[in-house]
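Fair warning: this is a prediction, and the values are worked out from it, not measured in the lab.
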Amino acid sequence: MKYQIKWKELGIDLIVDIAASMLIAVGIYNFALNASFPVAGFSGIAIILYHLFGLPVGAGTILLNVPVAIFCYKFLGRTFFLKSIKTMIISSVFMDYIAPLFPVYDGDRLLAALCMGVLSGAGYAVVFMRSSSTGGQDFISMAIKKVKPHISLGIITFVLDTTTIVMGSLIVFKDIDGFIYGIIVTYLMAIVMDRILYGVDEGKMTLIVTEHGSEVAQSIDEYSGRGSTILKGMGSYSKNHKDVVMCACNNKQMYTIKKMVRRIDPQAFTIIMESNEVVGEGFKEDV
C-alpha cells in the first residue's frame, strides 16, 4: 500500500516540532550545559561527550540515535519511527544553531535546574502529544517494553535516567551537588510533562462505551501492550447493547489511546479517571 502524506498533519507537526525544539534546546543549552550538572537521556550522554571531546550536543544526539533507531525500528512501527526521526533532526538543529544565539544563563545552579526542567519538560510533553519523540531513550524504553512487557515503563525509564545521571556525575562533573541537581531536573521534567498531558498522578483508568469493543481493545493492545477488559453494557434509556472497554495505563499512553478511540468510533463515550494504585501484571506487583 502506497504511503500517503497528510500535508495538513505534517504542517502542524512541523510547527509543533519547532516550538517544542526551541523549549528543549534553550532548556538544555542555555541553562543545563553551563550549570555543570548531569541530565538524563541521550541529551545527558551528548552533554558528557561535549565536555569530554567538544562535540556539539545536537550532533552528538544524532550520532547516538542513528544506531539505536536502526536497531529499534521493528519495535516502533513506521509512522512513529518517521515522526521521531523528523523531531530528532529538528531538535538537534535548534540545539546547535538556534539556542547559541541566545544568552547563556550563568547564575545559580538551582535556578538553572528549575528552568531547564520546566522548559524541556514542556517541550517533551508537546512532542508526545503529537505521537512523536526525540528518539534516544524513548526508542530504547519502548523496545525493552516490547521484549519485557511485564516490566513497567516507569521502571524502565527510571533505571535508564538514573544510569545516565550517575555516568555524568562520575565521568565528567564529579560533584555530589551536580548529581542532586540532575535528580531534581529529572523529577521536575516528569512532573511538568504529566501536568501538561493529564496531571500529576501516574496512572489512568478509562471506560470506553462503544459499538466497536473488539477493535478498540485490539488497538490498545497493539499500541501499548496493555490488556483490556470488555464488559457488556446496555443503555438505560435506549436499551441498546454496547461494549464497555476497561483499561488501565500511564498518562502518555492514555493520551494516544483517547485519540485512537476517537478515530475508531467518534460516537464512543469515554470516561478517564485517576488511578492512584494499579496492582497486577505490567504494573505494581502485589507484595
- [ ] Using the side chain to side chain contact (heavy atoms under 4.5 Å, CB included) rule, take Ile230 and Val216 through it: C-alpha gap first, then chi angles, then the decisive distance, then the call.
- [x] CA-CA 10 Å; Ile230 301 179; Val216 169; over 6 Å; no
Open item on the list: I'd like to know whether Ile165 forms a side chain to side chain contact (heavy atoms under 4.5 Å, CB included) with Ile183, so could you lay out the CA-CA distance, the side-chain angles of the two residues, the decisive distance to 0.1 Å, and finally the verdict.
Closed with: CA-CA 8 Å; Ile165 292 173; Ile183 295 295; 4.0 Å; yes
Task: Candidate pair Thr134 and Ser91, rule side-chain hydrogen bond (donor to acceptor under 3.5 Å, both in side chains), full reasoning - done: CA-CA 7 Å; Thr134 56; Ser91 62; 5.8 Å; no
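Following chains of ILVMFWY side-chain contacts shorter than 4.5 Å, one cannot reach Ile89 starting from Ile15, and the two form parts of different hydrophobic clusters. In the hydrophobic clustering of ILVMFWY residues, with side-chain heavy atoms under 4.5 Å counting as a link, Ile70 and Ile140 come out apart.
Scanning all heavy atoms of the two residues, the minimum distance from His241 to Met234 falls at CE1-SD, 3.9 Å. Residue Phe128 comes nearest to Ser132 through the heavy atom pair CD2-O, 3.5 Å, listed as atom of the first residue, atom of the second, then distance. Scanning all heavy atoms of the two residues, the minimum distance from Ala268 to Ile208 falls at CB-CG2, 4.2 Å. Looking at every heavy atom in both residues, Val39 comes nearest to Ala32 through CG2-CB, 4.0 Å. Shown here for Tyr124 and Met193, the closest heavy-atom pair between the two residues is CB-SD, 4.0 Å. The heavy-atom pair separating Gly117 from Leu188 by the smallest distance is CA-CD2, 3.9 Å.
Taking CE from Met273 and CE from Met246, the interatomic distance works out to 9.0 Å, rounded to the nearest 0.5 Å. Separation of atoms CD1 (Ile85) and OG (Ser133) is listed at 8.5 Å; rounding is to 0.5 Å. Interatomic distance, OG of Ser92 versus CD1 of Ile24, reported as 10.0 Å (0.5 Å rounding). Going from atom OG1 of Thr210 over to atom NZ of Lys242 covers 7.5 Å, rounded to the nearest 0.5 Å. Distance check, rounded to the nearest 0.5 Å: CG of Leu207 to CZ of Phe269 gives 10.0 Å. For the atom pair Asp108 CG and Leu114 CG, the distance stands at 8.5 Å (nearest 0.5 Å).
Residue Gln218 qualifies as open at atom CD: its count of foreign heavy atoms under 6.0 Å is 12 or below.
When the side-chain hydrogen bond (donor to acceptor under 3.5 Å, both in side chains) test is applied to Glu211, no partner is found at least two apart in sequence or on another chain. Applying the side chain to side chain contact (heavy atoms under 4.5 Å, CB included) rule to Phe102 yields the partners Met22, Asn30, Ile98; only residues at least two apart in sequence or on another chain are considered. Listed by chain and residue number, nothing satisfies the salt bridge (charged side-chain N to carboxylate O under 4.0 Å, His left out) test with Glu215 (two or more places apart in sequence, or in another chain). Applying the ring pair (Phe, Tyr, Trp, His ring centres under 6.0 Å) test to Phe80 and every residue at least two apart in sequence or in another chain returns nothing. Residues meeting the side-chain hydrogen bond (donor to acceptor under 3.5 Å, both in side chains) test with Ser120, sequence neighbours left out: none. Evaluation of the side-chain hydrogen bond (donor to acceptor under 3.5 Å, both in side chains) rule for Asp175 yields Arg109 as partners, not counting sequence neighbours. Remark: Lys232 pairs with Asp243 by the salt bridge (charged side-chain N to carboxylate O under 4.0 Å, His left out) rule, at least two apart or across chains. Remark: Asp265 engages no residue in a salt bridge (charged side-chain N to carboxylate O under 4.0 Å, His left out) (not counting sequence neighbours). With sequence neighbours excluded, no residue forms a side-chain hydrogen bond (donor to acceptor under 3.5 Å, both in side chains) with Thr186. Annotation: salt bridge (charged side-chain N to carboxylate O under 4.0 Å, His left out) contacts of Asp161 (sequence neighbours excluded): none.
With a 4.5 Å cut-off on side-chain heavy atoms, Phe37 and Asp177 do not count as touching. The side-chain heavy atoms of Arg262 and Thr270, taken from C-beta on, include no pair separated by under 4.5 Å. When side chains are defined from C-beta on, Tyr105 does not count as touching Asn34, because their heavy atoms never get closer than 4.5 Å.
The stretch residues 81-101 participates, sequence neighbours left out, in these salt bridge (charged side-chain N to carboxylate O under 4.0 Å, His left out) pairs: Asp13-Lys83, Asp17-Lys86.
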List, one per line, each side-chain donor-acceptor pair under 3.5 Å for residues 42-69, sequence neighbours excluded.
| from | atom 1 | to | atom 2 | distance (Å) |
| --- | --- | --- | --- | --- |
| Thr61 | OG1 | Val57 | O | 2.8 |
| Asn65 | OD1 | Gly136 | N | 2.3 |
| Asn65 | ND2 | Thr61 | O | 2.8 |

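Remark: the backbone N or O of Ile271 is paired with a side-chain donor or acceptor of Thr206 at under 3.5 angstrom.
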